[in-house]
Amino acid sequence: MVLSRLAHGLSAKTLATRYSLEPYLVSKITNMVTRLLATKLYPEFIKIPVSRRRLVETTQAFEELTSLPNMCGAIDTSPVKLHSFPNDQKFAATYKCRCGYPSVLLQVVADHKKIFWDVCVKAPGGTGDATHFRDSLLYNRLTSGDVVWDKVINVRGHPVRPYIVGDWCYPLLPFLLTPFSPNGMGTPAQNLFDGMLMKGRSVVVEAIGLLKGRWRILQDLNVGLNHAPQTIVACCVLHNLCQIAREPEPELWKEPDENGLQPRVLDNEKSFYFFGESLRQALADDLHIRLSSR
C-alpha cells in the first residue's frame with residue numbers, strides 16, 4: 001500500500017477507499033514505513049564511498065566519462081513541491097523556491113550508477129544551494145577532515161584527493177569543484193574542463209529525474225510538512241534499492257532549469273577556496289595537454 005502511494009502519488013483518502021481503511025490509518029502506516037526506511041535502512045543503502053575498492057570503481061567510471069581523474073560524485077539540489085501549505089505569508093516566502101511554488105529542498109550526491117551516496121533534506125525551498133550545502137552534515141564532515149579518502153593522486157605537483165562536482169551555485173572547495181565560467185568565457189583549457197565537469201554532473205541530474213519519475217509522490221508531496229523530510233529520504237533509499245537491483249528505469253522527470261548566483265567566499269573558507277582554485281586550474285591544464293596530444 002505504501003509503495004503504491006509513493007510510486008503513484010495517491011492521496012491517503014484515495015488509498016483508504018481502495019483498501020477499506022480510514023484515511024488517518026493510511027497516513028499512520030505511511031509514516032511508520034517511511035520512518036523505518038529513512039532511519040533503519042538509510043545507513044545500509046546510502047553510504048559515502050570511502051573503501052578503496054568502491055573508490056577505484058567510482059573514480060575510474062567517472063574518468064571514462066569525463067577524462068577527469070579522481071572524481072567520485074556529483075552534487076545537486078532539487079525542490080520537492082509541497083501539495084498543501086499553511087496559509088502564513090511569513091512561512092510562504094521562506095518555502096517558495098525559484099520555480100515559484102512552496103517546497104522543501106533535497107540535496108543529493110550521486111555516483112556514476114546514479115546511486116545516491118549522500119542525501120540531505122533540511123531546508124525550506126527558498127534556501128540557496130550553497131547555504132543548504134554549508135548547513136549539511138556532509139559539508140561539516142568534509143571540512144573537518146572526518147571523511148578519509150583512501151586514494152590520492154598527483155596532478156602537475158598537486159595532491160588530488162577524491163572530489164565531487166557541482167554547478168555554479170556551489171562554493172569552490174578542494175573537495176567540491178565547480179565550473180570556471182557559467183557561459184564559456186574562460187581560456188580553452190578552462191572551457192574544456194567546464195564541459196567535462198558538467199558531463200560528470202549530468203549523472204546527478206539524471207538520478208534526480210529517475211527519483212521523481214519512479215516515486216511520483218515527489219512531484220507533488222501530499223504528506224504533512226513534519227513528515228516531508230522522512231518521506232523524501234525514504235524515496236531516495238528505495239531509489240538506490242531499484243538502481244542496485246537494476247530495475248527498469250522509468251521516463252525521467254524533467255526539472256525546470258534554474259540559474260542561481262555564484263556564492264561568495266566565506267572567511268573560514270578562504271584557504272579552501274584558494275587551494276580549490278589552484279587544484280582546478282592544474283586539472284584543467286592537465287586535461288587540455290592530454291586531450292590535445294591525442
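- In the hydrophobic clustering of this structure, V109 does not group with V121; members are Ile, Leu, Val, Met, Phe, Trp, Tyr whose side-chain heavy atoms approach within less than 4.5 Å, directly or through other members.
- Looking only at side-chain heavy atoms (C-beta outward), Y139 and L176 stay at 4.5 Å or farther from each other.
- Between the CG atom in L197 and the CG atom in L192 there is a gap of 11.0 Å [rounded to 0.5 Å].
- Taking the side chain as every heavy atom from C-beta outward, C169 and H132 never approach each other to under 4.5 Å.
- Note that CZ of F275 is 11.0 Å distant from CG of L172, once rounded to the nearest 0.5 Å.
- Without hydrogens or angle criteria, D129 side chain to Y170 main chain gives no donor-acceptor distance under 3.5 Å.
- Proximity of V165 to I75: side-chain heavy atoms (C-beta onward) are nowhere separated by under 4.5 Å.
- By the neighbour-count criterion of 12 heavy atoms within 6.0 Å, atom CZ of R161 is sparsely surrounded, having that number or fewer from other residues, nucleotides or ligands.
- Two residues are said to be in side-chain contact when any heavy atoms from C-beta on lie closer than 4.5 Å; L55 and V50 fail this criterion.
- Looking at residues two or more places apart in sequence or on another chain, you find a side-chain hydrogen bond (donor to acceptor under 3.5 Å, both in side chains) between T14 and S11.
- Neither V108 nor W253 shares a network with the other; the hydrophobic side chains, linked directly or stepwise wherever heavy atoms of I, L, V, M, F, W or Y lie under 4.5 Å apart, form separate groups for each.
- The backbone N or O of N31 sits less than 3.5 Å from a side-chain atom of T34, completing a donor-acceptor pair.
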Begin from the C-alpha positions of W117 and C72 and carry the test side chain to side chain contact (heavy atoms under 4.5 Å, CB included) through to its verdict.
CA-CA 10 Å; W117 59 251; C72 69; 4.0 Å; yes

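- The two atoms that bring Y101 and P79 nearest to each other are OH-CG, 3.7 Å, heavy atoms only.
- With D286 contributing its side chain and A282 its backbone, the two residues share no donor-acceptor pair below 3.5 Å.
- In this structure, the side chain of R216 engages the main chain of A7 through a donor-acceptor pair within 3.5 Å.
- Ion pairing between a basic and an acidic side chain is recognised when a charged N comes within 4.0 Å of a carboxylate O; D267 and K270 show such pairing.
- Note: T59 OG1 to I153 CD1 = 8.0 Å, rounded to the nearest 0.5 Å.
- Using cut-offs of 30° and 60° for the angle between ring planes, the F133 and F175 rings count as tilted.
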Applying side chain to side chain contact (heavy atoms under 4.5 Å, CB included) to V33 and L37, what does each step give before you reach the verdict?
CA-CA 6 Å; V33 173; L37 285 165; 4.1 Å; yes

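- The minimum heavy-atom distance between W215 and C242, with the atom names listed, is CZ2-SG, 4.0 Å.
- In this structure, the separation between OG on S292 and CG on L287 is 8.5 Å, given to the nearest 0.5 Å.
- Atom CD of E22 has 12 or fewer neighbouring heavy atoms from other residues, nucleotides or ligands inside a 6.0 Å radius.
- Side-chain atoms of R201 do not come within 3.5 Å of backbone N or O of G166 as any donor-acceptor pair.
- Side-chain atoms of E269 never come within 3.5 Å of backbone atoms of L173 as a donor-acceptor pair (strictly under, hydrogens ignored).
- Taking a cutoff of 4.0 Å between a charged side-chain nitrogen and a carboxylate oxygen, E57 and K113 qualify as a salt bridge.
- Across N183 and S181, no two heavy atoms sit closer than the pair OD1-OG, 2.7 Å.
- For the pair T131 (side chain) and T127 (backbone), a donor-acceptor distance under 3.5 Å is absent.
- M196 and V204 fall into different hydrophobic clusters, where Ile, Leu, Val, Met, Phe, Trp and Tyr residues are linked whenever their side-chain heavy atoms come under 4.5 Å apart, directly or through other members.
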Trace of the side chain to side chain contact (heavy atoms under 4.5 Å, CB included) decision for Y163 with N70
CA-CA 7 Å; Y163 57 87; N70 245 13; 4.1 Å; yes

Assess whether side chain to side chain contact (heavy atoms under 4.5 Å, CB included) is satisfied between V119 and Q107, documenting all intermediate values.
CA-CA 6 Å; V119 174; Q107 174 189 286; over 6 Å; no

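- Under the 4.5 Å side-chain heavy-atom criterion for grouping Ile, Leu, Val, Met, Phe, Trp and Tyr, L211 is connected to V2 within one hydrophobic cluster.
- The cationic group of R280 lies under 6.0 Å from the six-membered ring centre of F180 and within 45° of the ring axis, placing it in a cation-pi geometry.
- The hydrophobic cluster analysis finds M32 isolated: no Ile, Leu, Val, Met, Phe, Trp or Tyr side chain comes under 4.5 Å of it, directly or through other members.
- I232 places a side-chain heavy atom less than 4.5 Å from the side chain of V104.
- E63 has its side chain out of reach of L68: every pair of non-hydrogen atoms, C-beta onward, lies at least 4.5 Å apart.
- For the side chain to side chain donor-acceptor pair (under 3.5 Å) criterion with Q281, the lone passing option out of R156, Q190, H158 is Q190.
- Across all their heavy atoms, F62 and D111 have their closest contact at CZ-C, 3.7 Å.
- Residue pairs meeting the ring pair (Phe, Tyr, Trp, His ring centres under 6.0 Å) criterion with at least one member in residues 223-252, sequence neighbours excluded: F116-H239.
- Of all heavy-atom pairs between K212 and S78, the closest is NZ-OG, 2.8 Å.
- Note on K122 versus D135: no salt bridge recorded, every NZ/NE/NH1/NH2 to OD/OE distance being 4.0 Å or above.
- Considering only residues two or more places apart in sequence or on other chains, K96 meets the salt bridge (charged side-chain N to carboxylate O under 4.0 Å, His left out) condition with none of them.
- Using a 4.5 Å cut-off on side-chain heavy atoms (C-beta onward), L210 and K114 make contact.
- For the atom pair CG (N222) and OG1 (T231), the distance works out to 9.0 Å, reported to the nearest 0.5 Å.
- Residues passing the salt bridge (charged side-chain N to carboxylate O under 4.0 Å, His left out) test with K199: none are found, sequence neighbours excluded.
- Residues meeting the salt bridge (charged side-chain N to carboxylate O under 4.0 Å, His left out) test with R214, sequence neighbours left out: none.
- Heavy atoms only, all atoms of each residue included: S4 and R18 are closest at OG-NH1, 3.8 Å.
- Looking only at side-chain heavy atoms (C-beta outward), L41 and L238 stay at 4.5 Å or farther from each other.
- No donor-acceptor pair closer than 3.5 Å links the side chain of S20 to the backbone N or O of A16.
- Distance CG/L82 to CG/D220: 9.0 Å, rounded to 0.5 Å.
- In this structure, L137 is not a member of the same hydrophobic cluster as I46, with clusters built from ILVMFWY side-chain heavy atoms closer than 4.5 Å.
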